[in-house]
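This one's a predicted model, so the numbers in the text were calculated from it and none came from an experiment.
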Amino acid sequence: MNGPEEEPPPARPAPAGHVPVRARLRELVTELADRRDGARSGPGGKATDAQHAKGKLTARERVDLLFDEGTFTEVEAFRRHRVTGFGMEHRKPDTDGVLTGWGLVHGRTVFTYAHDFRIFGGALGEAHAEKIHKLMDLAEAAGAPVVGLCDGAGARIQEGVTALAGYGGIFRRNVRNSGVLPQISVILGPCAGGAAYSPALTDFVFAVRGIAQMFITGPDVVQAVTGEVVSMEVLGGADTHATVTGVAGFVHDDEESCLEDVRFLLSMLPSNNRELPPHVPSSDPADRRTEALLDLVPADPGRSYDMREVIREIADDAEIFEVHELWAVNVVCALVRLDGHVTGVVANQPASLAGVLDIHASEKAARFVQTCDAFNIPLITLVDVPGFLPGTDQEHGGIIRHGSKLLYAYCDATVPRVQLILRKAYGGAYIVMDSRSIGTDLSLAWPTNEIAVMGADGAANVIFRREIAASADPDATRAQLVKDYRNELMHPYYAAERGLVDDVIDPAETRRRLIGALAMLRSKYAPVPSRKHGNQPQ
């Protein structure tokens, strides 16, 4: 039998000034939202208008363009500096002038830091640097690419040596993750002094005309020390670094197209060195015949043509993504897809300097080979090279040292490698362009190939100098000896007969044969000696 129901004890009266937990939490959430909105809006409309007046987007507008819509997650939005003095104690904006976080690019995780020029001119201080350090450490732990959106005025003078130490931490992480994570720098404003070294340590550098500025010492210092008067654009603008210095691999007219190409490049790179590049199913048949190559490449070795047209004919849907398009143009370095698989192409460019190798071309190709090898991108080398560029400028500039960089890069590469000789392949340049003797996996050649120590004319003049001089008709004798030399030592099958070329192929079969070779090599295993690292030429 149930007893009488007990009445609940009376509620204790709330202390004076007490706010219910749920109501207090709502207040805190509202405060959080207000604080976050303040951090997102930055220093205000005036600073934003000033940024736009320079033809530049804000850091957040850039981040929105880089990532898939709505996927960016910010970290340390409320970070502030701790400096007292120099008036800094009254200026402590959220973010401390840099946005850090991650998001998705084509559905894959990517990390970024973006300097906010509206806050302290994007200058780097201790807190600013520590945010970037943490971002880079997170990227390393997650195994994902890092994109730096650079628009900062260098080290924050008010913070002295701690700002310089902050740069050192960035450089150390750049080097530690080199060849491990894809690192991309996008120059969207000033990047001067020590700040310029971080982009130089990354894998790819993009720059936008009219707003990008990279130099170690600015125009004022140059004028004070040397007396030379030079503008920022000429000293370190986007075109200067794209055509003269080779620092920038890509140059664009506006930020929108630049960041769209950054997204495209990321779609062709693996997230880290433990993965393969993303494969995309292709509607371009793998066995498509490349009949157009018969007309694109003249049989006469003395006539020029545009090697980029050859690459387009071979690639899926004629799409190529050229690196350093405007620098060292006598060699072409490009990323393409073959049957949906990302492939790096290194090719001599007969339309420029007849495709010779020189100092800059060697450096450009070597860097590209190393980058592809680091990120598991197979390599195809298209050869049409008359040799190294002769001259005192090249010799005194160190062509031996610089040319050996390309030789070293190929010899050190462990990814699948296929060489295709289209026409000329003379002298040391033939060896350097990934020949069988330095480890290419397969060497193919067209029937138009000429592989020799040098051209027939030069060879005949050296070998038969006395016979020609003693002849009653030197010109006729020279012509006959050149013909004999070419027929004996430079015919299309000479190298194949000695095992230095694996097959001589029909140019119309080029795409099919290259795709088949790379498919066979996809599981290639290439053990390397135990060592800390090689001592590559500098």
For residues 374-396, pull every pair meeting salt bridge (Lys or Arg N to Asp or Glu O under 4.0 Å), keeping only residues two or more places apart or in separate chains.
-> D384-R423, D384-K424
According to the salt bridge (Lys or Arg N to Asp or Glu O under 4.0 Å) rule, which pairs have a member within residues 340-366, sequence neighbours left out?
-> E363-K405
Between R288 and E313, does a salt bridge (Lys or Arg N to Asp or Glu O under 4.0 Å) hold up when you go through it step by step?
-> CA-CA 10 Å; R288 170 173 58 81; E313 178 63 19; 3.5 Å; yes
Can a donor-acceptor pair be found, under 3.5 Å and without considering hydrogens, that links the side chain of [X] to the backbone of [Y]?
{"X": "H402", "Y": "I359", "answer": "no"}
{"X": "T240", "Y": "V234", "answer": "yes"}
{"X": "D506", "Y": "A508", "answer": "yes"}
{"X": "S404", "Y": "R401", "answer": "yes"}

Test side-chain contact (heavy atoms from CB on, under 4.5 Å) on V385 and V356 and set out the steps.
-> CA-CA 6 Å; V385 61; V356 296; 5.5 Å; no
In plain terms, say whether [X] and [Y] are close enough for a salt bridge, that is, a side-chain N and a carboxylate O under 4.0 Å apart.
{"X": "R436", "Y": "D502", "result": "yes"}
{"X": "E255", "Y": "K56", "result": "no"}
{"X": "D412", "Y": "R531", "result": "yes"}
{"X": "D441", "Y": "R417", "result": "no"}
{"X": "E256", "Y": "R62", "result": "no"}

Answer yes or no: does atom [atom1] of [X] have more than 12 heavy-atom neighbours from other residues, nucleotides or ligands under 6.0 Å?
{"X": "L294", "atom1": "CG", "result": "yes"}
{"X": "N535", "atom1": "CG", "result": "no"}
{"X": "R498", "atom1": "CZ", "result": "yes"}
{"X": "R522", "atom1": "CZ", "result": "yes"}

Minimum-distance pair of heavy atoms, taken over all atoms of [X] and [Y]:
{"X": "V432", "Y": "G403", "result": "CG1-O, 4.4 Å"}
{"X": "N273", "Y": "G179", "result": "CB-O, 3.2 Å"}
{"X": "S198", "Y": "I170", "result": "OG-CG2, 3.6 Å"}
{"X": "P277", "Y": "I377", "result": "CG-CG1, 3.7 Å"}

State, with a plain yes or no, whether a side-chain heavy atom of [X] is found less than 4.5 Å away from one of [Y].
{"X": "R209", "Y": "V251", "value": "yes"}
{"X": "V110", "Y": "L266", "value": "yes"}
{"X": "M268", "Y": "R337", "value": "yes"}
{"X": "T381", "Y": "L420", "value": "no"}
{"X": "L444", "Y": "I421", "value": "no"}

Give me the one residue out of I380, I314, I515, L379 that meets side chain to side chain contact (heavy atoms under 4.5 Å, CB included) with T343.
-> I380
Distance from I438 atom CD1 to M433 atom CE, nearest 0.5 Å?
-> 9.5 Å
Pairwise side-chain hydrogen bond (donor to acceptor under 3.5 Å, both in side chains) hits with a residue in residues 261-272, at least two apart | D68-R263, R108-S271, H252-D261
Cation-pi geometry met for R303 and Y305 (6.0 Å, 45°) = no
Just grab all the ring-ring contact (aromatic ring centres under 6.0 Å, His included) pairs involving residues 346-395, residues at least two apart or on different chains.
-> W327-H360
Please list, chain by chain and in numerical order, all residues satisfying ring pair (Phe, Tyr, Trp, His ring centres under 6.0 Å) with F264, sequence neighbours excluded.
-> F321
Not counting sequence neighbours, which residues clear side-chain hydrogen bond (donor to acceptor under 3.5 Å, both in side chains) with Q536? List them please.
-> Q370
Go through Q419 and T440 one step at a time and tell me if the side chain to side chain donor-acceptor pair (under 3.5 Å) criterion holds.
-> CA-CA 7 Å; Q419 179 197 50; T440 196; 5.7 Å; no
